[in-house]
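Note sheet for the following structure.
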There are 2 protein chains.
Amino acid sequence: MDKQTITIYDVAREASVSMATVSRVVNGNPNVKPATRKKVLEVIDRLDYRPNAVARGLASKKTTTVGVIIPDVTNIYFSSLARGIDDVATMYKYNIILANSDENGQKEVQVLNTLLAKQVDGVIFMGNQITDSIRAEFTRSKTPIVLAGSVDPEAQVASVNIDYVEAIEEATNTLIRHDNQKIAFVTGSLSEPINGQYRLKGYKKALAQAKIAYDPNLVFETEYSYKAGEAIWDRVKAAGATAAVIGDDELAIGLLNGAGDDDVNIPNDFELITSNDSKLTEISRPKMSSITQPLYDIGAVAMRLLTKMMNKEEIDNQTILLPYGIVERGTTK
Amino acid sequence: MDKQTITIYDVAREASVSMATVSRVVNGNPNVKPATRKKVLEVIDRLDYRPNAVARGLASKKTTTVGVIIPDVTNIYFSSLARGIDDVATMYKYNIILANSDENGQKEVQVLNTLLAKQVDGVIFMGNQITDSIRAEFTRSKTPIVLAGSVDPEAQVASVNIDYVEAIEEATNTLIRHDNQKIAFVTGSLSEPINGQYRLKGYKKALAQAKIAYDPNLVFETEYSYKAGEAIWDRVKAAGATAAVIGDDELAIGLLNGAGDDDVNIPNDFELITSNDSKLTEISRPKMSSITQPLYDIGAVAMRLLTKMMNKEEIDNQTILLPYGIVERGTTK
DNA sequence: AAAAGCTTTTAAAACGCTTGCATTTGTTTG
DNA sequence: CAAACAAATGCAAGCGTTTTAAAAGCTTTT
């Protein structure tokens with residue numbers, strides 16, 4: 001009934017060699033006489049033999065598959081990283097098992113476990129919160145893990161990022177230089193280290209340097225979403241801010257549109273700088289000034305780092321910081 | 001050295017039962033005496049045993065993994081579908097191997113083959129062109145396949161979509177009702193059936209009904225990208241169009257911004273309707289009128305259909321059409 | 001208390017490949 | 001030309017599960 005699947009054994013028989021030899025030619029092992037290789041290759045072609053990766057994985061204990069845990073593919077920030085990850089994965093002959101986690105700690109643990117059960121050779125984790133339970137799973141397994149665009153304050157697990165402190169500091173400085181005194185800081189949950197520790201620190205540093213008092217009423221904690229941005233505009237306005245540094249592009253464009261719909265002239269009456277320099281910054285009107293960071297590359301470098309770890313190569317530096325910059329577009333004077 | 005991996009065998013020994021029994025309790029097979037089940041479960045817990053999915057896959061010939069071929073995760077249209085796919089996959093205990101194809105026929109074939117080598121239980125394919133080589137691979141394998149948001153003119157392979165002909169016809173009609181005589185049709189390559197056969201047909205039908213002559217100079221073939229949209233504005237304008245139906249949201253927002261930057265008043269001087277009702281339609285200013293289609297659901301339903309096929313359930317209808325609508329927002333009068 | 005019929009459990013054969021070790025074949029060398 | 005070494009191949013033991021057929025235990029029935 002079923003299309004009889006043909007195995008390495010069939011090839012071996014037809015080519016009158018051993019399975020070992022067939023395996024060698026399939027894997028490009030050089031210890032095969034060219035004539036033999038040719039003969040085997042012909043049979044493989046004739047029978048249309050396709051090696052079974054599952055059997056391969058079981059025998060070799062390598063699946064050439066890596067797990068990618070992503071909060072939400074639909075968010076351009078993460079999908080940009082994912083694209084970088086996938087491209088270099090492909091380059092190194094790995095496949096990606098993609099799993100959405102919704103930044104939900106429980107799901108993250110769950111998903112991580114099924115990935116490990118599937119014997120992935122490594123995992124790339126995106127998500128702003130390394131909860132204790134996740135960290136526990138990380139350390140429990142011998143599988144290499146790297147964080148992409150996420151930060152581990154303990155610096156225990158490998159990661160690739162930009163320097164969030166400095167980046168936000170510089171963005172805030174830009175706004176200060178433009179004579180803003182009341183600068184809002186709006187971002188995701190402050191319980192996420194990237195916000196509560198890194199970005200906030202940069203924001204405060206810039207203020208301190210300019211001798212501007214830090215005002216907790218100017219920091220806004222919300223979701224990374226367009227709607228949240230639109231919704232928070234009123235509060236930002238009410239707080240008397242004349243500018244804002246924002247931690248996410250979707251959030252920023254929401255705020256921008258919220259202000260615009262409220263007939264606020266941007267950048268004259270209100271300035272803003274966002275954080276991720278995704279496609280969205282070019283799509284909005286005015287275009288958004290932003291911290292620039294190489295999203296694709298963060299993913300790509302993270303995956304590259306992971307390949308090294310999977311290969312048990314010596315790693316000189318576990319936590320890689322990629323360069324960032326600031327582009328001023330239409331939302332700053 | 002290596003953390004000694006513990007296997008089903010270890011559990012069997014510790015619980016003094018056979019591997020078969022352990023396997024049964026792990027798989028929830030009812031033929032196990034409650035007392036035995038409990039004993040085994042305790043040992044599993046104590047040893048922290050995790051079944052090896054690869055071995056499982058080899059023995060059972062099921063990997064509970066499906067392959068997803070996507071042109072580009074970074075495109076909101078596709079990532080929305082992907083999100084739907086992943087969610088129901090998770091619901092049915094499947095994992096997703098995600099592979100970017102760049103709509104490139106060669107890559108598609110390549111990727112499909114590695115997915116099949118990995119013994120995925122099914123495949124979801126997104127991409128607007130079912131080339132002959134892809135079709136050949138499809139039919140060659142016994143693995144179930146369904147198209148999501150992509151169309152197979154031959155209707156050989158299962159798919160879930162909306163009725164593109166009618167949808168575009170209706171969108172065009174809307175523009176005609178608003179007294180536009182010169183309506184541009186801008187979309188991706190016409191060699192893709194979705195454009196060249198379906199959408200174009202709907203466009204022409206609407207024109208014919210309104211007794212407006214079809215003018216090939218008003219159809220624009222380009223890429224699905226923001227840049228392409230911006231770039232094509234000049235040509236659309238030069239052609240004298242007063243409105244446009246557009247096949248992709250990124251493309252549409254590009255065109256919209258292109259027009260806006262050219263000081264054209266939208267919707268008064270130029271109207272447009274886009275096709276996918278993604279997040280972008282709410283993000284643009286003015287917000288874009290659009291054909292509404294349930295992107296998430298298309299993915300979800302496609303995956304659901306696939307689960308049925310993998311389960312060898314009887315399928316009543318291979319090609320599912322989901323309902324669409326039209327929302328008029330700010331880019332139409 | 002033996003026969004019959006269930007319910008549980010076990011033994012062991014797959015599943016399709018990789019890989020360490022042994023063997024065979026081929027090539028140099030002294 | 002035998003010895004020594006290198007290259008090419010083969011053997012067979014895994015890899016960690018599932019699954020089928022058979023065996024073992026229990027209950028009922030008679």
Side-chain angles (χ1 to χ4, degrees), chain A residues 2-41 43-44 47-65 93 114 116-121 142, chain B residues 2-41 43-44 47-65 93 114 116-121 142:
Chain A
D2 251 358
K3 216 167 278 190
Q4 170 69 56
T5 75
I6 69 111
T7 75
I8 200 175
Y9 176 80
D10 300 310
V11 176
R13 183 170 30 71
E14 288 291 307
S16 29
V17 297
S18 72
M19 287 163 50
T21 300
V22 177
S23 174
R24 287 194 193 92
V25 347
V26 167
N27 291 295
N29 183 314
N31 298 347
V32 181
K33 193 159 53 171
T36 315
R37 178 186 312 281
K38 180 150 174 272
K39 182 174 58 176
V40 172
L41 250 17
V43 175
I44 285 179
L47 301 191
D48 192 26
Y49 164 69
R50 319 280 189 96
N52 178 322
V54 173
R56 232 149 42 150
L58 183 58
S60 67
K61 291 166 164 290
K62 287 188 186 338
T63 54
T64 61
T65 302
K93 312 280 185 215
T114 94
L116 295 177
K118 295 227 164 160
Q119 314 295 118
V120 295
D121 296 336
K142 263 267 137 283
Chain B
D2 251 356
K3 216 166 278 192
Q4 172 68 55
T5 76
I6 70 113
T7 74
I8 200 175
Y9 176 80
D10 300 310
V11 176
R13 182 170 30 72
E14 289 289 308
S16 28
V17 297
S18 72
M19 288 162 49
T21 300
V22 178
S23 174
R24 283 197 197 88
V25 349
V26 168
N27 291 295
N29 184 313
N31 299 349
V32 181
K33 194 162 49 170
T36 314
R37 180 187 310 281
K38 179 148 177 273
K39 183 174 59 174
V40 171
L41 249 17
V43 175
I44 285 180
L47 301 189
D48 191 28
Y49 164 70
R50 319 283 189 93
N52 178 322
V54 173
R56 230 139 55 144
L58 183 57
S60 68
K61 291 167 166 291
K62 289 192 187 331
T63 53
T64 60
T65 302
K93 312 281 185 211
T114 94
L116 295 178
K118 294 227 163 156
Q119 313 296 117
V120 294
D121 296 335
K142 263 266 137 285

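Letters A, B, ... are given to chains in the order of the sequence lines, protein chains preceding strands, and every chain is numbered from 1.
- Here the C1' atom of nucleotide D:dT19 and the CG atom of B:Asn27 are 11 Å apart, to the nearest Å.
- At whole-Å resolution of the value, CG in A:Asn31 and P in D:dA7 are 8 Å apart.
- Residues that satisfy the side-chain contact (heavy atoms from CB on, under 4.5 Å) test with A:Asn52, not counting sequence neighbours, are A:Val54, A:Ala55, B:Gln119.
- In this structure, the separation between CG on A:Leu47 and CD1 on A:Ile6 is 5.0 Å, given to the nearest 0.5 Å.
- A salt bridge (charged side-chain N to carboxylate O under 4.0 Å, His left out) check over residues 50-60 of chain A, counting only residues at least two apart or in different chains, returns the pairs A:Asp48-A:Arg50, A:Arg50-B:Glu137.
- With sequence neighbours excluded, no residue satisfies salt bridge (charged side-chain N to carboxylate O under 4.0 Å, His left out) with B:Arg37.
- With sequence neighbours excluded, the residues satisfying side-chain contact (heavy atoms from CB on, under 4.5 Å) with A:Asn31 are A:Asn29.
- For A:Ile8 against A:Tyr49, the heavy-atom pair with the smallest separation is N-CE1, 3.5 Å.
- When the C1' atoms of four end pairs are superposed on the next four at each end of the helix from C:dA1-D:dT30 to C:dG30-D:dC1, using five pairs per end, the two resulting axes differ in direction by 50°, to 10°.
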Quiz: residues 19-26 of chain A side-chain donor-acceptor pairs under 3.5 angstrom, not counting sequence neighbours:
residue : atom : partner : partner atom : Å
A:Thr21 : OG1  : A:Ser18 : OG           : 3.4
A:Ser23 : OG   : A:Asn27 : ND2          : 3.3

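- Spacing between atom CG of A:Leu58 and atom P of D:dG16 amounts to 7 Å, rounded to whole angstrom units.
- Annotation: of the two residues near DNA chain C, B:Lys33 and B:Lys61, the 5′-most nearest-nucleotide partner is B:Lys33.
- Looking at residues two or more places apart in sequence or on another chain, you find a side-chain contact (heavy atoms from CB on, under 4.5 Å) between A:Lys62 and A:Ser60, A:Asp121.
- Contacts of residues 9-23 of chain B with DNA chain D (heavy atom under 4.0 Å): B:Met19, B:Ala20, B:Ser23.
- Contacts of residues 47-56 of chain B with DNA chain D (heavy atom under 4.0 Å): B:Tyr49, B:Arg50, B:Pro51, B:Asn52, B:Ala55, B:Arg56.
- The salt bridge (charged side-chain N to carboxylate O under 4.0 Å, His left out) contacts involving residues 6-23 of chain A comprise A:Asp10-A:Arg13, A:Glu14-A:Arg46, where partners must be two or more places apart or lie in separate chains.
- Between B:Thr5 and the phosphate of D:dG16, there is a side-chain N or O to OP1/OP2 separation shorter than 4.0 Å.
- With values rounded to the nearest 0.5 angstrom, B:Thr64 atom OG1 is found 3.0 Å from A:Lys118 atom NZ.
- If you walk DNA chain C from 5' to 3' and mark each nucleotide with an atom closer than 4.0 Å to a heavy atom of chain B, the marks span C:dT8 to C:dG16.
- For A:Lys38, the salt bridge (charged side-chain N to carboxylate O under 4.0 Å, His left out) partners two or more places apart in sequence, or in a different chain, are A:Glu42.
- Looking at heavy-atom distances under 4.0 Å, A:Val26 makes no contact with the nucleic acid at all.
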